[in-house]
Amino acid sequence: MMTVSNKPKWLLAMGAASMILLAGCGNSSETAEPAETKTAWDEIQEQGSMTVATSGTLLATSFRDSESDELTGFEVEVVRELGKRLDLDIEFKELGFDEMLTSVNTGQIDIAANDIEITEDRLDNFIFSTPIKYSYGTAVVRKDDLSGIKTLEDLKGKKAAGASTSIYMEIARSYGAEEVTYDNATNEVYLRDVSIGRTDVILNDYYLSTFGVAAFPELNITIHPDIKYAPSEVGLVMNKDNKELAENVNKVLEEMLQDGTISEISTEFFGGADVSVKPDIE
């Protein structure tokens, strides 16, 4: 039996045209190429610059020269050379320790450079570059009585100054010290407080501590002669998703290590010491 439609011919024609249009749209979406997603490295290259967080208050890795007020230091100059070899401008942003790590995590900062030790916990959250500095922990104490400290066990009840989230403050807390923290204070503030007895000890990196103590000979402070612990490695810190950035940074840092550039920068800021070589603390 033949079925006869009562719909007008113009309505049937519109329906057929709509079907053709829909089919055409479907084919177009299937063949369209997906837009490429830009990586952090792509954006850095387009901008021609990287933003690097550092404190500007940490002798001898990131500080302001007393005469010129120019930002300088071991890691500052390593990063400047890194920028030159990558053909990128470097924009430094001076931040407190905790803030710089948060800024790397949120993508506001490309790299953090501030004597940041490589630890298992941090490796879970960040990418670290090839190590550019090796060191170990020491203690800054009062010169006249070593702040009553002979070993790390004597930290119990002592006032330890430092950044709350640093590995050195974690060590101090583990031995029962009372922590005293500062908001991105200068080395002089930390060291003077030990000298006058407001605090008792600063656990920190050996090379940084040596530089700081030497910078203020008038203060009643010294490096503890018997305390050595926690061998450490320091690298530049990047967001965990920025693998391409890390690959390019590592390639240049490895060149700088091989050609002696990092050793030269180290000897300038650490009294002739080459921090790119692992120390023997046995």
Side-chain angles (χ1 to χ4, degrees), residues 40-41 43-44 47-66 68-83 86 88-119 121-129 131-133 135 160-170 172 179-191 193 202-205 207-209 211-212 215 232-242 245-246 249 253 265 269 275:
W41 177 243
E43 293 177 356
I44 286 169
Q47 295 166 1
S49 65
M50 283 194 300
T51 305
V52 179
T54 194
S55 68
T57 60
L58 186 60
L59 297 171
T61 202
S62 171
F63 63 97
R64 290 198 167 271
D65 183 88
S66 58
S68 67
D69 198 40
E70 180 184 355
L71 185 67
T72 189
F74 170 66
E75 280 188 73
V76 169
E77 300 307 330
V78 167
V79 167
R80 283 199 173 115
E81 180 62 23
L82 173 70
L86 288 171
L88 295 171
D89 293 331
I90 300 297
E91 179 188 346
F92 286 104
K93 198 161 187 178
E94 294 173 48
L95 300 173
F97 182 79
D98 292 337
E99 188 179 359
M100 69 178 72
L101 290 181
T102 299
S103 297
V104 168
N105 219 5
T106 58
Q108 296 171 287
I109 296 294
D110 298 310
I111 292 175
N114 203 66
D115 202 66
I116 303 173
E117 298 88 357
I118 302 171
T119 66
D121 287 345
R122 288 176 184 158
L123 285 170
D124 288 337
N125 298 297
F126 302 97
I127 296 176
F128 276 84
S129 72
I132 57 174
K133 174 174 173 282
S135 189
S164 181
T165 56
S166 74
I167 64 167
Y168 296 105
M169 188 58 80
E170 291 175 14
E179 68 179 87
V180 179
T181 59
Y182 300 75
D183 184 17
N184 206 30
T186 64
N187 285 71
E188 183 176 2
V189 172
Y190 280 92
L191 296 169
D193 280 355
I202 301 169
L203 298 189
N204 207 348
D205 170 81
Y207 292 112
L208 299 185
S209 298
F211 188 98
S232 63
E233 299 179 358
V234 165
L236 306 180
V237 183
M238 291 159 279
N239 186 287
K240 197 167 184 180
D241 294 329
N242 295 349
L245 169 61
V249 166
L253 288 180
I265 297 173
F269 289 99
V275 300

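For this chain, numbers begin at 1 and follow the sequence in order.
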Practice task
Could you tell me which non-hydrogen atom of A161 sits nearest to which non-hydrogen atom of Y190, and how far apart they are?
Solution key: CB-CD2, 3.9 Å

Practice task
Decide whether E117 and S232 meet the rule of one side-chain donor and one side-chain acceptor closer than 3.5 Å.
Solution key: no

Handout entry: Flag, side chain of D65 to backbone of E70, donor-acceptor distance under 3.5 Å
Key = no

Problem - N239 (side chain) donor-acceptor with N105 (main chain) under 3.5 angstrom - result: yes

Exercise for the section: I would like to know whether F211 and F269 meet ring pair (Phe, Tyr, Trp, His ring centres under 6.0 Å); could you show each step before the answer? Expected result: CA-CA 8 Å; F211 188 98; F269 289 99; 7.6 Å; no

Practice task
Answer yes or no: are there more than 12 heavy-atom neighbours, outside E43 itself, under 6.0 Å from its atom CD?
Solution key: yes

Problem - N/O donor-acceptor pair under 3.5 Å between S62 side chain and L58 backbone - result: no

Practice task
Would you check if the side chain of E179 reaches a backbone N or O of S164 as a donor-acceptor pair within less than 3.5 Å?
Solution key: no

Exercise for the section: Examine the side chains of S135 and D205 and answer whether a donor and an acceptor come within less than 3.5 Å of each other. Expected result: yes

Exercise for the section: Examine distances only and state if a side-chain atom of R64 and a backbone atom of T57 form a donor-acceptor pair shorter than 3.5 Å. Expected result: no

Practice task
Indicate the atoms forming the closest heavy-atom contact of R80 with L71, along with that distance.
Solution key: NH1-O, 3.0 Å

Exercise for the section: Please step through side chain to side chain donor-acceptor pair (under 3.5 Å) for the pair D115 and Y207, ending with a clear verdict. Expected result: CA-CA 11 Å; D115 202 66; Y207 292 112; over 6 Å; no

Handout entry: For the student: nearest non-hydrogen atoms of F128 and I116, plus distance
Key = CE2-O, 3.6 Å

Exercise for the section: Determine, for D124 against K240, whether the closest basic-nitrogen to carboxylate-oxygen distance falls under 4.0 angstrom. Expected result: no

Handout entry: Atom of A60, atom of L208 and distance for their closest heavy-atom approach
Key = N-CD2, 3.5 Å

Exercise for the section: Give a yes or no answer on whether the side chain of N204 reaches the backbone of S209 with a donor-acceptor pair at less than 3.5 Å. Expected result: no

Handout entry: Side-chain touch M50/L86, heavy atoms, less than 4.5 angstrom
Key = yes

Handout entry: Nearest heavy-atom neighbours spanning I118 and P131
Key = CD1-CG, 4.0 Å

Exercise for the section: Show your working on side chain to side chain donor-acceptor pair (under 3.5 Å) between E91 and S49 and close with a plain yes or no. Expected result: CA-CA 7 Å; E91 179 188 346; S49 65; 5.4 Å; no

Practice task
Verify, without hydrogens or angle tests, whether T102 (side chain) and D98 (backbone) share a donor-acceptor contact under 3.5 angstrom.
Solution key: yes

Practice task
Answer with yes or no whether the side chains of T54 and E94 bring together a donor and an acceptor at under 3.5 Å.
Solution key: no

Practice task
Work out which heavy atom in M100 is nearest to a heavy atom in A53; give both atom names and the distance.
Solution key: CB-CB, 3.6 Å

Exercise for the section: With rounding to the nearest 0.5 Å, note down the distance linking OG1 in T51 to CD in Q108. Expected result: 10.5 Å

